[in-house]
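Structure record follows, encoded as structure tokens.
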Amino acid sequence: MLSIYNTLTKRKEEFKPINPASISMYVCGPTVYDYFHIGNARSFIMADVIRRYLEFKGFSVKYVMNLTDVDDKIIKKSLQEKKETKFISENYVEAFFEDIHKLKIKPANIYPKATEHMDDIVKLIEELEAKHFAYNINGNVFYDVSKFKDYGKLSGKKINELESGSRIEINEEKKNPLDFSLWKKAKIGEPYWNSPWGNGRPGWHIECSAMSCKHLGKTFDIHAGGNDLIFPHHENEIAQSEAANDKKFVNYWIHFGFLNINEEKMSKSLGNFFTARDILKKYSAEAIRLSFIQTHYAGPLNFSEDLLASSEKGLEKLKNLAVRIMEELNTQNNSGIIPAFDFQYYEDNFISAMDDNFNSPQASAVIFDFIRDINRILAENNNISNEFYQLIKSFLEKTAVGVFGILDFSDYSTLNSVMLEDSLIKFLVNLRIEAKREKNFALSDKIRDGLKELGITLQDSKDKTSYKKYNLNI
RNA sequence: GGCGCUGUAGCCAAGUGGUCUAAGGCGAAGGUCUGCAAAACCUUUAUUCGUCGGUUCGAAUCCGACCGGCGCCUCCA
């Protein structure tokens, strides 16, 4: 049974999909005014892991991630760089797709853009206006928070307490300081769209209500995003959607913890800001993913180069086993033994960890236990049948490859191929074996060191020499 | 001021009433194997879970106080 911690109820709840044949999941995507940072990457990767696990469980998932391409920050950037907003947003949309591809994030089914849903947005605001949840002041339309009686139910905030917080900027036009913009009147030089209230653009929250409803329906299963979106963004989405539709907006709210640098929130102003793009220049996507997977999604994550380096090392174990499997599977051995090994035990443990609110750190521990125990079996037995290697592979295919995305067997599939490069390596390896036989260790070491410089590592075992090519992804 | 999260080995990090004399990764030490390496395996590395009390047959896990760290309430994943 899969249980999920729901921010709305502050409890772990059994996951009951509206329609088990197709789970509806919406994740808040980026505002495309810059390359996304490593904190964004954490949310995107953990949402990806959740999505992959739901698919592992046999669900089909309709996964929607919005791209916010109308926004103050985009306008600001366009003024700074003296380029059209459309140019800025398109540029960073492209960069976004490049980065998530590099991070091995499965693409969403739909990436709706705000600029392509203006009709839906305008229609939603009109509905809110007709139901008296919205008011128009000189072309600026606001949501009247006082009309929505459940306001604050997600974030646990109360309207009167928020007002006394006094950190809210007073806007003369608003009836209540907490009221938020649904439609902003265009200023000179800003991009605008036509509407019943004049030329303008949508407020920040309305696009998500409009687009999620359009693509997933008035009520859908899962809505996920970073912790800081709980208030006001998600709170306001609920207010808009439920006021307009008279239906519960979302069944399960999932929120991701922050990524901190030196125990502090990463932010541009603190100067501890890293884009995913920059991190990817130095560390593999798999190491980034494993670093995140080894911390629970809801808690804070202390990010550092040490963390990535330690994940990179941990990954070696997994890769070494994968290489070995692929080598063995390239030989024909169907007559060997099949050692006793309870694959089901590991799979059951993996599932029960992930079923418990996606406890990926525990599930990753199951994979590492599996690797250790399999390596022991491989060390203790000779002449193992390919069938056994196939079973190992299929466990890893389901877990490390399928759910976590930290391994890709296709990286190793050409390892023992008949390609020229491999033939040459084999030739040198055989030359070295001859040298070793003649106790000419100076020559054998020279060959090994020479290959090492080219990124090829040799490993001797009792009866043969295998090799490993680094930088396979590059 | 309001709301919420958090403090577990050298580092990262699960576990939230008994199977915990506490998983997993990194690091460190020793060993097996090897011409030497590498890889892999084995052993060791927290009698203890911020501090002090309480509840309980039993607590890292519940309650209270205290000390420390962080976040949200304003754009933010």
Side-chain angles (χ1 to χ4, degrees), chain A residues 7 10 27-31 33 36-47 71-73 76 152 155-158 160-169 177-178 204 224-233 235 255-260 263-269 290-291 293-296 298-304 306-321 323-324 349 353 356 359-369 371-380 436 439-441 444-445 448-449 452 457-462 465-468:
Chain A
T7 310
K10 296 186 171 53
V27 180
C28 281
T31 300
Y33 72 107
F36 67 81
H37 56 68
I38 194 70
N40 292 304
R42 183 190 187 192
S43 292
F44 299 158
I45 286 172
M46 293 318 290
D71 177 86
D72 290 350
K73 292 191 288 287
K76 197 175 153 198
S155 55
K157 297 186 189 303
K158 296 184 176 59
N160 50 1
E161 285 171 359
L162 282 167
E163 286 176 35
S164 64
S166 79
R167 290 180 68 185
I168 298 157
E169 245 177 81
L178 287 174
W204 174 35
N227 243 327
D228 53 350
L229 294 180
I230 296 174
F231 190 88
H233 186 53
E235 193 69 70
H255 290 96
F256 305 112
F258 277 119
L259 180 147
N260 297 326
E263 311 286 335
E264 275 181 315
K265 182 178 170 178
M266 179 171 71
S267 73
K268 279 186 172 171
S269 54
L290 183 62
S291 297
I293 283 164
Q294 287 191 311
T295 300
H296 189 81
L301 182 147
N302 240 325
F303 187 76
S304 66
D306 282 354
L307 177 68
L308 290 170
S310 95
S311 296
E312 206 79 78
K313 283 288 291 180
L315 231 32
E316 287 281 305
K317 274 186 186 169
L318 185 59
K319 287 188 197 167
N320 286 337
L321 180 58
V323 168
R324 180 154 185 192
N349 283 139
D356 182 13
N359 190 336
S360 59
Q362 194 148 65
S364 81
V366 174
I367 293 180
F368 282 104
D369 283 339
I371 295 169
R372 183 195 59 225
D373 296 343
I374 281 290
N375 275 328
R376 182 162 37 202
I377 296 277
L378 298 185
E380 286 167 358
K436 276 175 59 175
K439 306 269 183 208
N440 186 351
F441 297 124
S444 71
D445 287 355
R448 183 172 59 190
D449 295 346
K452 177 102 188 174
T457 306
L458 301 190
Q459 293 177 187
D460 294 338
S461 58
K462 253 190 201 102
T465 296
S466 60
Y467 63 91
K468 192 161 71 169

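Letters A, B, ... mirror the listed sequences (proteins, then strands); counts begin at 1.
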Have a look at [X] and say if it touches a base, only the backbone sugar-phosphate, or nothing, with a 4.0 Å heavy-atom cut-off.
{"X": "R376(A)", "answer": "sugar-phosphate"}
{"X": "G299(A)", "answer": "nothing"}
{"X": "H37(A)", "answer": "base"}
{"X": "G225(A)", "answer": "sugar-phosphate"}
{"X": "L321(A)", "answer": "nothing"}
{"X": "S444(A)", "answer": "base"}

Side chain of N375(A), heavy atoms from C-beta onward: which of A40(B), G2(B), C42(B) has the nearest atom to it?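 Out of A40(B), G2(B), C42(B), the nucleotide with an atom closest to N375(A)'s side chain is A40(B).
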If you check every side-chain atom of Q459(A), which of A38(B), G35(B), G15(B) has the closest atom?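 Given the options A38(B), G35(B), G15(B), the side chain of Q459(A) is closest to A38(B).
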Should F441(A) be counted as stacked on G35(B), where stacking needs a ring-centre gap under 5.5 Å and an angle between planes under 30 degrees?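 The base of G35(B) is stacked with F441(A) (centres under 5.5 Å, planes under 30°).
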Taking only the side-chain nitrogens and oxygens of N320(A), find out if one of them lies under 4.0 Å from OP1 or OP2 of A40(B).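 For N320(A), the contact criterion (side-chain N or O under 4.0 Å from OP1 or OP2 of A40(B)) is met.
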Presence of N227(A) side-chain N/O under 4.0 Å of G4(B) phosphate oxygens OP1/OP2: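 It does not, given that no N or O in the side chain of N227(A) lies less than 4.0 Å from OP1 or OP2 of G4(B).
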At less than 3.5 Å, do the side-chain atoms of D445(A) and the base atoms of G35(B) form a donor-acceptor pair?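 Indeed there is one.
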Determine whether any donor atom in the side chain of R448(A) lies under 3.5 Å from an acceptor atom in the base of A37(B), or the reverse, and answer yes or no.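 Checked by distance alone, the answer is yes.
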Which residues share a ring pair (Phe, Tyr, Trp, His ring centres under 6.0 Å) with H37(A), sequence neighbours left out: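 Testing H37(A) for ring pair (Phe, Tyr, Trp, His ring centres under 6.0 Å), a comparison that skips the adjacent residues, returns F273(A).
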With F303(A) via ring pair (Phe, Tyr, Trp, His ring centres under 6.0 Å) - residues at least two apart: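 Checked F303(A) against ring pair (Phe, Tyr, Trp, His ring centres under 6.0 Å); zero matches.
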I'd like to check M46(A) versus S360(A) (side-chain heavy atoms, cut-off strictly below 4.5 Å). Are they in contact?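 With C-beta onward as the side chain, the pair touches.
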So, do T295(A) and R42(A) sit near enough that their side-chain heavy atoms are less than 4.5 Å apart?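 Touching, per the 4.5 Å side-chain cut-off.
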Using modelled atom types only, decide if a donor and an acceptor are shared between the side chain of S304(A) and the backbone of L307(A) within a distance under 3.5 Å.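 Checking the backbone N and O of L307(A) against the side chain of S304(A), a donor-acceptor pair under 3.5 Å is found.
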Taking the [atom1] atom in each of [N] and [M], what is the distance between them to the nearest angstrom?
{"N": "U8(B)", "M": "U61(B)", "atom1": "P", "answer": "13 Å"}
{"N": "A14(B)", "M": "U6(B)", "atom1": "C1'", "answer": "15 Å"}
{"N": "A22(B)", "M": "C49(B)", "atom1": "P", "answer": "12 Å"}

Only one of D369(A), D373(A), N375(A) clears side-chain contact (heavy atoms from CB on, under 4.5 Å) with I371(A); which?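 Filter result, single survivor: N375(A).
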Which letters describe nucleotides 18-33 of chain B, given B = protein heavy atom under 4.0 Å from base, S = only from sugar-phosphate, - = neither? -----BSSSS------
Nearest-Å distance, CG (D373(A)) to P (A40(B))?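 My rounded result for the distance is 14 Å.
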Check the distance between A77(B)'s C1' and K73(A)'s NZ and give it to me in whole angstrom.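 It works out to 11 Å between those atoms.
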Return whichever of N40(A) or T295(A) has its heavy-atom-nearest nucleotide of RNA chain B closer to the 5' end.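 Upstream on the strand: T295(A).
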So does K452(A) pair up with D449(A), basic N to acidic O under 4.0 Å?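 Salt bridge flag = no for D449(A) with K452(A).
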Minimum heavy-atom separation for S291(A) to S311(A), with atom names?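 Here S291(A) and S311(A) meet closest at OG-OG, 2.7 Å.
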